[in-house]
Amino acid sequence: MRLGKGLWVPRPSEGRMSLKGRDLIAIRDLSSDEILDLLARAREMIPCAEGTRVREPLNGRIVAMGFFEPSTRTRLSFESAVLRLGGRCITIADAMASSMRKGESLSDTVRMLTGYADAIVLRHPNEGAAQLAARVSDKPVINAGDGAGQHPTQTLLDLATIHERFGTLTGLRVVLLGDLRYGRTVHSLAYALAQFGAEIVLTSPPELRLPEELRSELERSGAKVQMEGDIRKAVREADVLYVTRIQKERFGDEGEYRKVAGSYRVDLPLLEGAKERLTILHPLPRAGEIAPEIDRTPYAAYFRQAFLGVPVRMALLDAILGGGPAAA
Ligand code: NCD
């Protein structure tokens, strides 16, 4: 946890918890209580995210969006969250339209954003980019995805969706299906699920297994982790089926990608015998892993999940930035 950076001094008496002025680089930066508190705040934010209530704790604040990799949901839901909270955004939506194209380093770019905004939301193709940004900036940095590393705010909205459907995060059997090697959303989510005592089932093509290091870290922490090669069996026993896209852009070699492309697909026949309360999540975008026919079933929760990105990010931004300047 990166507390007390720069001039900021934590003041635990402010609000229900003190995320004020803090970075969010990896999901492990948050304790279980902090996660549950954020989810509760996110539930309260839903009417504001829907536009039926107005609350503007970010009035007068500027948030910089540095997106150096493609994004639809993450960037737009962050922007929507800032605007709904009464703040304003400055945005780099395309690395090629920024001075990175002229060879500017990430740390120089981050230094500029630090001078122009009160917080920085960063998406970058390099693992560790958000951590580097947090080192050079004395403003809060939120990791919106660093290469194949972490995607902690996605995890918060994944957990919010699970919590909304089940009323709990504990004791669920969660199948992570797909590209567990390069998928940063599952890397973050697996840690959080372990923290809440879920049973984690890993189902992927052999080439796309969860990195060994991460798996043994989860096991060492006492998490219930199991590999299941039989996708039908995995689906039949699941409470939550978390499907991911093969991260084509992270393959060094097109041939390697072609070997695994199209190797799994969730369709109606696969769901025969599934639990009634099965909930299917996907961080989106999907690229053929979930057949469109699933959208009409009560299992599909991925569009709700994408919407919940707004209230969850509102809750986070409010906790980090809300209520005026953080400095004492
Ligand atoms: C994910 C990402 O960027 O890691 N998308 C998202 O943020 N909703 C998943 C993906 O791109 O497959």
Side-chain angles (χ1 to χ4, degrees), residues 24-27 42 49 65-82 91-95 121-131 141-162 174-193 203-205 207-208 210-211 214 240-251 257 260-266 279-290 295 300-314 316-317:
L24 177 57
I25 307 303
I27 196 68
M65 306 288 159
F67 278 71
F68 300 97
E69 255 196 350
S71 174
T72 299
R73 274 149 293 273
T74 306
R75 181 169 65 79
L76 295 183
S77 62
F78 259 116
E79 290 185 349
S80 177
V82 172
T91 297
I92 297 172
D94 174 6
V121 177
L122 184 73
R123 168 169 289 191
H124 196 277
N126 297 349
E127 207 169 317
Q131 188 139 28
V141 172
I142 301 175
N143 183 4
D146 61 325
Q150 292 267 315
H151 195 346
T153 64
Q154 177 70 41
T155 297
L156 291 174
L157 69 96
D158 298 341
L159 296 177
T161 317
I162 296 173
V174 182
V175 174
L176 304 178
L177 169 67
D179 184 350
L180 310 185
R181 179 175 176 190
Y182 297 118
R184 55 194 172 199
T185 67
V186 280
H187 295 166
S188 294
L189 182 60
Y191 280 118
L193 291 172
T203 300
S204 67
E207 297 84 350
L208 299 180
L210 198 74
L214 204 158
V240 176
L241 175 62
Y242 191 95
V243 189
T244 64
R245 171 182 72 90
I246 298 183
Q247 308 283 295
K248 185 177 180 191
E249 65 277 27
R250 313 240 181 266
F251 284 69
Y257 168 71
V260 286
S263 52
Y264 56 94
R265 179 173 167 88
V266 177
T279 294
I280 303 179
L281 301 180
H282 191 307
L284 302 176
R286 60 179 154 178
E289 317 76 41
I290 300 184
D295 301 358
Y302 31 90
F303 294 123
R304 178 69 181 168
Q305 181 187 4
F307 162 73
L308 287 175
V310 179
V312 162
R313 290 178 169 123
M314 288 173 80
L316 180 70
L317 288 163

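We count ligands from 1, going down the list as the structure has it; atoms in each ligand are counted the same way.
- The two residues A190 and L214 come nearest to each other via the heavy atoms CB-CD2, 4.4 Å.
- The minimum heavy-atom distance between P211 and H187, with the atom names listed, is CD-NE2, 3.7 Å.
- Looking at E249 and R184, no side-chain N of the basic residue comes within less than 4.0 Å of a carboxylate O on the acidic one, giving no salt bridge.
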Check ligand 1 for close polar pairs with the protein: N or O on both sides, less than 3.5 Å.
residue, atom, partner, partner atom, Å
ligand 1, 3 (O), R123, NH1, 3.4
ligand 1, 3 (O), R123, NH2, 3.2
ligand 1, 3 (O), R184, NH2, 2.9
ligand 1, 4 (O), R184, NE, 2.7
ligand 1, 5 (N), L284, O, 3.0
ligand 1, 7 (O), T74, OG1, 2.9
ligand 1, 7 (O), R123, NH2, 3.0
ligand 1, 7 (O), H151, NE2, 2.8
ligand 1, 8 (N), Q154, OE1, 3.2
ligand 1, 8 (N), P283, O, 2.9
ligand 1, 8 (N), L284, O, 3.1
ligand 1, 11 (O), R245, NH2, 2.8
ligand 1, 12 (O), R245, NE, 2.8
ligand 1, 12 (O), R245, NH2, 3.2
ligand 1, 12 (O), Q247, NE2, 2.8

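- Residues E289 and R265 are not in side-chain contact: their nearest non-hydrogen atoms beyond the backbone lie 4.5 Å or more apart.
- For the atom pair CG of L177 and OH of Y242, the computed distance is 11.5 Å after rounding to the nearest 0.5 Å.
- In this structure, R73 does not pair ionically with E79, as no charged nitrogen and carboxylate oxygen lie closer than 4.0 Å.
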